[in-house]
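Notes follow the structure.
Values below: all heavy atoms of this structure, side chains included; hydrogens, waters and symmetry mates excluded.
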Amino acid sequence: MALDEPTDDDLVQEIEGIKFILSKMLHDIYKGFTIETVKRESQTMLRITPNIADAGGGCASCTSC
């Protein structure tokens with residue numbers, strides 16, 4: 001997650017006054033994302049989860065580990 005300005009290659013969605021910007025390429029790979037608020041003790045955090053479990057990358061895609 002980063003602060004950024006949208007470009008023509010991005011999707012923009014505003015939720016409760018907050019603009020979320022996502023690369024169209026990442027949206028196509030991960031089929032979008034779910035953003036959840038997680039509260040622990042006195043902290044509030046955001047959890048960002050891809051909408052697909054395995055995008056064909058990462059440790060699940062190889063046997064060399």
Point to revise | Any residue meeting side-chain contact (heavy atoms from CB on, under 4.5 Å) with Glu41, in chain and number order, not counting sequence neighbours | key: none
Review point. Taking only residues two or more places apart in sequence, or in another chain, which ones meet Thr44 in a side chain to side chain donor-acceptor pair (under 3.5 Å)?
Key: none
**Study point:** Asp9 side, atom CG; Leu26 side, atom CG - distance, nearest 0.5 Å
**Key:** 11.5 Å
**Study point:** Apart from Val12 itself, residues in the same hydrophobic cluster as defined by side-chain heavy atoms under 4.5 Å
**Key:** Ile21
Check your understanding: Sequence neighbours excluded, which residues qualify as side-chain contact (heavy atoms from CB on, under 4.5 Å) partners of Ser42?
Key -> none
Review point. Should Met25 and Tyr30 be counted in the same cluster of Ile, Leu, Val, Met, Phe, Trp and Tyr side chains packed under 4.5 Å apart?
Key: yes
Review point. With sequence neighbours excluded, what pairs up with Thr7 under the side chain to side chain donor-acceptor pair (under 3.5 Å) test?
Key: Asp10
Check your understanding: Residues two or more places apart in sequence or in another chain: which of them pass side-chain contact (heavy atoms from CB on, under 4.5 Å) with Leu3?
Key -> none
Review point. Within a strict 4.5 Å, meaning less than it, do heavy atoms of the Leu22 and Phe33 side chains meet?
Key: yes
Review point. More than 12 foreign heavy atoms under 6.0 Å from CD of Glu5: is that the case here?
Key: no
Exercise for review: Identify the two heavy atoms, one from Ile52 and one from Ile29, that lie closest to each other, and give their separation to 0.1 Å.
Suggested key: CD1-O, 3.1 Å
Review point. Thr49 and Glu36: side-chain contact (heavy atoms from CB on, under 4.5 Å), yes or no, with the steps?
Key: CA-CA 8 Å; Thr49 308; Glu36 301 171 89; 4.1 Å; yes
Exercise for review: Go through the steps to decide whether Thr37 and Leu46 satisfy the test side-chain contact (heavy atoms from CB on, under 4.5 Å), and finish with yes or no.
Suggested key: CA-CA 5 Å; Thr37 302; Leu46 294 177; 4.2 Å; yes
Exercise for review: Would you list the pairs meeting ring-ring contact (aromatic ring centres under 6.0 Å, His included) in which at least one residue belongs to residues 3-26, sequence neighbours left out?
Suggested key: none
Point to revise | Pairs where residues 15-28 contributes a residue and the test side-chain hydrogen bond (donor to acceptor under 3.5 Å, both in side chains) is met, not counting sequence neighbours | key: none
